[in-house]
Amino acid sequence: MSIGLTEEHRALAESVRGPAGRGIDRAALARQGLFGVHVPEPSGGQGFGLLELCVVLEELGRARADAAFLPTALTAALLPPGHPLLPALANGTQTATITLPTPSPPPAPTNTPSAHPHASSAQPPASAGQPHASSGTATALGPTDADLFLVPVEGGWALLDRSSVTAEPLEGVDLDRPLCAVTVREVPAGRELGPLPVREVAAVLLGAESCGLAAWAVDTAASYAKVREQFGRPIGQFQGVKHRVAAALVALEQARAAVWDAARALDALATATGAESAAGGAEEAGRVKGAASGSEGAGRTEGGEVGLAVGVAAVLAPDAAVRCAADAIQVLGGIGYTFEHDAHRYYRRALANRMLAGDPGEWSEHVARLAAAGVRRAMEPDLPEDAAALRAEIRAHAESLAQEEPPARLGRFAREGWIMPYLPRPWGRGATPLEQVVIHQEFRELKRPNLGIAAWAVPSIVTYGTREQQERFLPKTFTGEIVWCQLFSEPGAGSDLAGLSTKATRVEGGWSLSGQKIWTSLAQYAHWGICLARTSPDKHRGITYFLVDMSAPGVTVRPLKEINGEEIFNEVFLDDVFVPDDLVVGEVDNGWKVARDTLSHERVALGDSWGPGSQHTDMMRLITGRDGLRRSQWEQAGRLWAEGQAISALGLRGTLSRLSGGGSGTTASVRKLLGMRHAQAISEFCWSVDPSSRYWNRMILTTRAFTIGGGTTEVQLNIIAERALGLPRDP
């Protein structure tokens, strides 16, 4: 899934990808109008936004196309609408070199306004008075022979002609994109621009190009791993290689989500300030409302959200590109370390982008302090206009349900299909993706019941069960009268679920089940279990899916005490347990198909809820209540916040993709993998800050199970590598 989600974005990416792959040059970029894709139409552009520019940059990053594009497009993005030099930048007849600011972001949000609609609360305040040439020489991105130079001056920035500066080439790690040392000689009248959010916009655009670099690296490593043979088989079959490439894809998807969210935040802010300007408040409309540090509503304004989104992208995207490029070289082996292969050029560009975007540690601290001040990034989908009537209808149902007493409300939840609304009627409402989103939003305060394991079993019973099974089990499951457990895992099978040995023998009127199950969550409280047992020798086509009465003779449950002292998991022994024929779900010997359906719901469910720290409030509550945190701890907290916010953005991207009629790709598996590891990291960090806390003493132990239960980290990496990247399965 690329940065852009819509059909229009995919078409835009495709229109760039073909020419870029053939070595597109500046003239070709100009003919396609790509220099001005984000520039308003009255200034000679296509009138789109930064998100569309990011889509273009990701594709150009894949091909490392035209070194002049990024500094020129970045300069155009920073100029105010109507600037006289915008048309020349938009049509590619003039190029720009830009000095990127080097100071660290401030440690906390400020109330300082900015004159540019893309600015955020991270923008430093402008100095009073007219701009003057800044002293000294600064490093700039772009060639010495550019037509225009965007440079810092006292009081803000200025866009100068080549004749007003002295530029000398600099040697950098990137062999394909020039840097230069720029000294301002003079600032002619009318060339000053005031304060601009250069650092913020640059971080997002560099992040978009970095996603393209990372995408090339992942594709290259995966393609090589499919065909390169060692020890008689493709190296992509070796788990070490497979996991390295899959983990690189996970880092790329997280970076894409962060950049996508930052770009849309900047675009939304520009749209909002433009609307204010059209309403007549021109001077004030150009200003971004900052967050008041320490106030109850701090950070809920547009500027605070934008600053947080930009910071998250700056933390994650450049690092992801460096990691993916380095991993590609590792997979390629010796050839990847030579000039014979392009891998080193992508690694060089990734390193340069990370340097130009700014120290990730400083951005991490910035993110943490914004979050500590109360800034939050909303992750709600923008719904089409025709959703208004649907929302009114669903809100009326919600208001009616709110008037009921809890027992009556629960009964209506079940009868009216509100608990799992995506299921077909009568068990759900046959809700479309759009309806599911609106129901989720409007029913937040009603606290629909959490079905636990039943949320995985119910869809399989609906899809493969008989009408009698559905009517017997589903209504009481929805009202909580029937509690379920999952009898899948076995001591000898582990993650190889199809390797189970529990045997089902045909007897009069049904089946006799014998075997042992393990890691069965809450089995001691369950009334019924979904159980896999072997009915014939074939590994996959010899498994049958049963519904087992947990109170039946021969069922023994033994709780297992876990490292945190709790007893959630259990061993379950089945000794000649009779299961009648009418409790077989689906066809005999075809239970693996039913089980795969169950497990698909498990992966989605676990991916949507990933433990403590999922909303970061617990971590922030801890660190804001303590004095004397080291800077390294602020940086670590900021990176954790950035990772968590990107996981939320991944979930939103998956929702939007489904709303537009597409699939969610690898989103569910990627979110689960990231989420489980993130919950562990949150717990470990918080425990290190407050090791005397009873809560964090428990959670650091509890979360250790998260990367094991529901599919280990290693299994998830195999799934991603094989299904998303097409790497060969183990023999």
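Not measured: the values here are computed from a predicted model.
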- Residues Glu566 and Arg698 bridged, charged N to O under 4.0 Å: yes

- Message: Hydrogens and angles aside, do Gln680 and Thr707 bring a side-chain donor and acceptor to less than 3.5 Å of each other?
- Response: yes

- Message: Which residue is it: Arg64, Arg62, Arg348? I am looking for the one with a side chain to side chain contact (heavy atoms under 4.5 Å, CB included) to Leu213.
- Response: Arg64

- Within 45° of the ring axis of Trp260 and under 6.0 Å from its six-membered ring centre, is that where the NZ or CZ of Arg264 lies? yes

- Item | Polar side-chain atom of Ser657 near backbone of Arg653 as donor-acceptor pair, under 3.5 Å | no

- Task: Using the test side-chain hydrogen bond (donor to acceptor under 3.5 Å, both in side chains), find all partners of Asp690 that sit at least two apart in sequence or belong to another chain.
- Result: Ser692

- Query: How would you list all residue pairs meeting salt bridge (Lys or Arg N to Asp or Glu O under 4.0 Å) that involve residues 702-720, not counting sequence neighbours?
  - Reply: Glu684-Arg704

- Item | Mutual orientation of the aromatic rings belonging to Trp519 and Phe569 [parallel < 30°, tilted 30-60°, perpendicular > 60°] | perpendicular

- Query: Would you call Glu365 and Arg369 a salt bridge, taking side-chain N to carboxylate O under 4.0 Å as the test?
  - Reply: yes

- Message: Looking at Glu58 and Arg256, is there a salt bridge between them, counting it only when a charged N and a carboxylate O are closer than 4.0 Å?
- Response: yes

- Taking only residues two or more places apart in sequence or in another chain, which ones pass ring pair (Phe, Tyr, Trp, His ring centres under 6.0 Å) with Phe443? Trp418

- Query: So does Arg323 pair up with Asp319, basic N to acidic O under 4.0 Å?
  - Reply: no

